[in-house]
Asker: 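First the structure, then my questions, so here it is.
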Amino acid sequence: MPDTAMPILDVKGLETVFRTRGGDVHAVNSVDFHLRPGELLGVVGESGSGKSVTMMSLLRLLPSPPAEMRNGTVMFDGQDLLKISPEELRQVRGSRIGFIFQDPMTSLNPVYTVGFQLAEPLRAHLGMSKAEARARSVELLRLVGIPDPEQRLKDYPHQFSGGMRQRVMIAIALACDPKVLIADEPTTALDVTIQAQIIELVKDLRQKLGMAIIWITHDLGVIAGIADRVMVMYAGQVVEEGPVNEIFRDPQHPYTQALLKTVPAVRGPRAEKLQVIEGQPPIMHEAPDACSFRNRCKFAFDRCAEENPALAPVHMPGHRAACFLLDKASTKEPEAVHG
Amino acid sequence: MLTFIIRRLLTAIPTLVLISLIIFLLLDLAPGDPLADQPLSIPPEVRQKMRDALGLDSPAYIRYLLWAKQFFWVEPLYFIDWLVGTNFADGMQRIVSWQFRAPVFDIIVQRVPQTLWVVGLAYLVGVMIALPIGIISAYKQYSWFDQVGTFVSMIGFSVPPFFSGVLMIVFFAIMLPWFPSIYDTTLVVNDFESLGQQIRQMTLPVMVLALQTTAQLSRFMRASMLDNLNHDYVRTARAKGMTEKVVVLVHVLRNSLIPVVTVIALGIPSIFGGAIITEQIFKVNGLGQLLITAIYANDLPMVQTLAFIFAVLIVACNLIADMLYGLLDPRIRYD
Ligand SMILES: Nc1ncnc2c1ncn2[C@@H]1O[C@H](COP(=O)(O)OP(=O)(O)OP(=O)(O)O)[C@@H](O)[C@H]1O
Ligand code: SF4
Ligand SMILES: [Mg+2]
């Protein structure tokens, strides 16, 4: 994918706050990222780092209250998704942007048949008749590898296994041929062999259909295998972003480096031993005014507690990270980064 | 499904037999002489003849079996005769009310329309109002609509009908003479004027009873909707680009109705038995009132029969509730 292609999705300054009884939670803090046509962007980060909230904010899928979208623009197809009317947004959801959720067991409505749920977006967005929607549904189920699709349309979600349900979810998300597919940990709830099958399926579908994909996961191994670019999130911020090879070969942010040490080596020599990152990600009661990682960072120095580092380009094109160590002006011991 | 129904019906039989026996034995324990209100001038030997005629001195199990035979065999035969004009019953002894000295079922048949009109209609009205209130309250949680709904339900829950009924009479029959305070059973509806009169005299008792039903059901509907609104499948429906109307009225509603429909079905027997107080206040001579007067008058066959009919209704509505549950929720399997 050429780096120069116009992004299909361009997010700037996204900020989402939950207003709860226990105080505000700043779940997404000034997040910038983009997605180019046909590209697969992997999003990684610990639990609670704001990956899901970021993606749901794009389509305004969070319940409000408590969620509040304070700032930002989400440019998609020449429209700002945060500004358009609910009706215009509805026409984007499920038709030009598809969404797959983590838990296939609960994401389908238990009292309607799979055929009904699959036909819904087809009829709503493409204005298909019942018969047309049925024919297309059969085609879609076949596409995602569900055997005997004509029969299975009449079945209810509980008659499918977890992996089969996730295939149904994928079929629903792809029903209207979206330009962007957002997959929020689509395999986390599945067992390992099924996970591998689903990943293969998505790779395959991407080849066939050519949509751009945002793939959220905890599993860096998966990212290494399928992503073009990676975005690392911590405490509701993007701390590093870049081409997948760059990130794995030469991670710049201390958090990314630590994260990579928590997985068995995917490329290059085996890591000596697997490590865990000590400590917990903070709960953000205020918008960050210092580096959120400083309590767990072994390189933290004075400046880290005074200012919040911004994403800045590092040597390779398209590779950016948010850490003062990379800021030449304040460099203390930059070589330690490559430890 | 069919085998499930048949199995449930078969298991219902011993249950009902046991219930009828328990009702009978309990009533039998109650003190009181059905002839107590006969004039004292009746000579003792005549009194004894009356006792014999009523079978009062035979042992309890004989009396129970006699009642059971009349209830399960003779009365259905009379019903068939009445329906198709045959003569199966052929003058067999029916269950006779001691108080009215007429067949119990003839009297019940006279009373059913009033009960259905007033109490049944109130239930229907209550349900029709409660469901939309519950849906809107949940969808717009904590809005002013929801707050008002909560307040009205609290009143409906906490104010008993003997109080709200009297209050209604004071306001809408005495201070503002819009509605009659007494239900006139003899009213025959044959033109628009009498229809208007019928509607007016039904209004107050229906309102009192509907308030109760609405209060309970709207809360239940609201809770069920709220529970479902947080489910993942709702988010999926929105992410598919469904309109809010479809999300709420197609996806959430169908799921939320599953427990609510069950509760509605289980509440049906209370139409017949539960409105005793309201029927008394507005002098509606329905089944509830019939039961109360029969208890006062020591009319054991009447009480026994009515109590048993209520039991049958309860068992039947339980079965209906289970079937509805299965119809609405594909995850339920009957085998
Ligand atoms: N409804 C909510 N109310 C309040 N806080 C919320 C709500 N939903 C999410 N959050 C907060 O937002 C933050 C980010 O959550 P998010 O679900 O985006 O994390 P995640 O990166 O997707 O984690 P995971 O990998 O576990 O899915 C968390 O700290 C969480 O506590
Ligand atoms: S800015 Fe400071 S605390 Fe934050 S990651 Fe860099 S060195 Fe560590
Ligand atoms: Mg998540």
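Protein chains get the first letters and strands the later ones, always in sequence-line order, with residue 1 at the start of each.
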Asker: Please check if the number of heavy atoms outside B/Phe72 that lie under 6.0 Å from its CZ is greater than 12.
Answerer: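 Count over threshold, so yes.
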Asker: Determine the minimum heavy-atom distance between B/Met242 and A/Ala124, stating which atoms define it.
Answerer: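 Taking B/Met242 first and A/Ala124 second, the nearest heavy atoms are CE-CB, 3.8 Å.
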Asker: So which part of B/Leu229 gets closer than 4.5 Å to some heavy atom of chain A, the side chain, the backbone, both or neither?
Answerer: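 Neither part, no heavy atoms under 4.5 Å.
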Asker: Testing the basics here: between B/Pro330 and A/Pro110, what is the closest heavy-atom pair and its distance to 0.1 Å?
Answerer: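 What the structure gives for the nearest pair is CG-O, 3.3 Å.
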Asker: Is atom CZ of B/Phe157 surrounded by more than 12 heavy atoms (other residues, nucleotides or ligands) closer than 6.0 Å?
Answerer: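 Counting other residues, nucleotides and ligands, CZ of B/Phe157 exceeds 12 neighbours.
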Asker: Among residues 127-138 of chain B, which residues come closer than 4.5 Å to chain A, judged by heavy atom distances?
Answerer: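 Result: none.
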Asker: Chain B heavy atoms under 4.5 Å from A/Met56: which part of the residue, side chain, backbone, both or neither?
Answerer: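 It is the side chain, since no backbone atom gets that close.
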Asker: In terms of heavy-atom proximity below 4.5 Å to chain A, should B/Val250 be classed as side chain, backbone, both, or neither?
Answerer: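 When you check distances to chain A, atoms from both the backbone and side chain of B/Val250 fall under 4.5 Å.
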Asker: For A/Ile172, which atoms come within 4.5 Å of any heavy atom of chain B: side chain, backbone, both, or neither?
Answerer: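 Answer is side chain: those atoms of A/Ile172 sit under 4.5 Å from chain B.
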Asker: If you draw a 6.0 Å radius around CZ in B/Phe145, do more than 12 non-hydrogen atoms from other residues or ligands fall strictly inside?
Answerer: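 More than 12 heavy atoms, drawn from other residues, nucleotides or ligands, come within 6.0 Å of this atom.
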Asker: May I have a list of the donor-acceptor pairs under 3.5 Å that connect chain B with chain A?
Answerer:
from	atom 1	to	atom 2	distance (Å)
B/Asp232	OD2	A/Thr106	OG1	2.5
B/Tyr233	N	A/Thr106	O	3.2
B/Thr236	OG1	A/Ser107	O	2.6
B/Ala239	O	A/Gly94	N	3.0
B/Lys240	O	A/His125	NE2	2.8
B/Lys240	NZ	A/Gln117	O	2.8
B/Lys240	NZ	A/Glu120	OE1	2.7
B/Gly241	O	A/Arg90	NH1	2.8
B/Val250	O	A/Tyr112	OH	2.5
B/His251	O	A/Asn109	ND2	3.4
B/His251	ND1	A/Asn109	ND2	2.9
B/His251	NE2	A/Glu120	OE1	2.8
B/His251	NE2	A/Glu120	OE2	2.8
B/Asn255	ND2	A/Asn109	OD1	2.7

